[in-house]
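Worksheet for the structure shown next.
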Amino acid sequence: MNRRHLLQLGALSSFLPKSTLAKTPKGNELPIVVSTWKHGIDANIAAWNILVKKGTALDAVEAGARISEADPTVMSVGYGGFPDREGHVTLDACIMDHQQNCGSVAFLQHIKHPVSVARKVMEQTPHVMLVGEGALQFAKAQGFKTENLLTEKAKKAWQEWLKQAKYQPVINIENHDTIGILALDSSGNLSGACTTSGAAFKMHGRVGDSPLIGAGLYVDNEIGAATATGMGELMIKTVGCHSVVEFMRQGATAQQACQEAVERIAKKLPNFKKFQVGFLALSKQGDVGAYCIQPGFNYAVKSTKQDKLQDGASML
Ligand code: SD4
């Protein structure tokens with residue numbers, strides 16, 4: 001490592017009080033946060049602000065996910081998300097902590113921050129998942145305010161789509177990018193969250209992988225965490241994120257585990273080239289992996305050593 005490199009690392013570390021520079025047994029510095037897609041950069045900043053103050057990974061992933069949910073320019077998550085075929089914005093989200101607690105909401109309408117409702121399900125109810133009208137009722141009872149989530153821009157895109165009403169679930173072309181966020185805090189604990197408005201112009205009532213523990217998100221504090229983006233049906237069929245964590249348990253690196261999970265999907269799907277799925281994983285040791293079917297999937301990483309948007313390796 002040359003002197004310039006050392007100085008750069010020194011500058012990054014100097015943002016942190018020395019006492020927060022914990023390390024995993026493998027020597028990776030803590031904390032670390034990773035998020036899917038370009039909007040993951042802003043999500044990571046919000047998460048990082050919590051992590052550097054020795055906050056928990058759980059608080060960090062929720063704070064990060066809320067950034068994309070509130071941003072109307074992210075047309076795949078929360079406020080401003082593309083609606084379903086009937087013009088309704090319906091949201092899916094889940095969250096999971098280091099003690100295997102988890103909460104989830106699906107087919108939720110009118111609430112800007114489904115990830116926070118999911119956390120309330122986890123913390124305030126004996127259940128894991130609430131959907132539709134029941135999830136909305138619960139959110140209101142918890143003090144969440146209802147609002148119109150359909151922006152003019154998303155409405156116009158839907159009206160344009162209605163002219164042909166052709167459902168083509170080609171995720172990258174639809175520019176449909178869920179946020180999945182995983183963090184390892186300075187105590188070495190993992191948490192994750194995933195939130196989305198789902199596939200653009202989906203059937204009314206359709207729920208994807210993102211709120212399903214094991215499919216769109218999975219965390220095992222002994223091993224690692226994984227989240228997914230892309231054609232949710234494919235992650236559901238293979239319980240994709242659970243597979244990624246299990247591959248890591250069997251000794252795969254985060255990178256190998258993501259690759260294995262994508263290959264498992266592709267193997268059983270003759271026309272897999274038409275679809276996009278991507279997995280992002282963070283091991284308990286602080287190693288990051290990402291893999292997808294086709295090029296175009298990127299993810300943001302933030303730690304004391306790096307702060308960047310990275311391209312996921314791909315099959316094609
Ligand atoms: C879904 N997996 O609802 C989500 C969509 C997505 O990038 O991730 N798009 O199927």
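Remember, it's 1-based here, ligands and their atoms both numbered in the order they're listed.
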Would you please name every residue forming a side-chain contact (heavy atoms from CB on, under 4.5 Å) with Ser314, sequence neighbours left out? Cys292, Pro295
Indicate the atoms forming the closest heavy-atom contact of Ala65 with Thr195, along with that distance. CB-CG2, 3.8 Å
Check each atom of ligand 1 against the heavy atoms of Thr178 and keep those under 4.0 Å away; list them by number with element. 2 (N), 4 (C), 5 (C), 6 (C), 7 (O), 8 (O), 9 (N)
For the student: nearest non-hydrogen atoms of Gln285 and Leu184, plus distance: C-CD2, 4.4 Å
Would one find an N or O of Met231, backbone or side chain, under 3.5 Å from an N or O of ligand 1? no
Could you walk me through whether Arg206 and Glu233 satisfy the salt bridge (Lys or Arg N to Asp or Glu O under 4.0 Å) test, starting with their C-alpha distance in whole Å, then the side-chain angles of each, then the deciding distance to 0.1 Å, before giving a yes or no? CA-CA 10 Å; Arg206 182 263 188 189; Glu233 281 72 5; 2.8 Å; yes
Heavy atom of Ser76 under 4.0 Å from ligand 1? no
Less than 6.0 Å separating the ring centroids of Phe297 and Trp37? yes
Under 4.0 Å to a heavy atom of Ala199 - the qualifying atoms of ligand 1, by number: 3 (O)
Taking the six-membered ring for Trp, are Phe107 and His204 ring centroids under 6.0 Å apart? yes
On a heavy-atom basis, I'd like to know which of Thr196, Asp209, Thr227, Leu234 is closest to atom 1 (C) of ligand 1. Asp209
Would you say ligand 1 has an N or O under 3.5 Å from any N or O of Asp92? no
Considering only heavy atoms of Ser210, which atoms of ligand 1 have at least one such atom less than 4.0 Å away? 2 (N), 4 (C)
So if I apply the salt bridge (Lys or Arg N to Asp or Glu O under 4.0 Å) rule between Asp59 and each of Lys54, Arg119, Lys53, Arg66, which one comes out positive? Arg119
What I want to know is whether Gly208 and ligand 1 share at least one N or O pair that is separated by under 3.5 angstrom. no
Within-shell test, Glu233 vs ligand 1, heavy atom, strictly < 4.0 Å: no
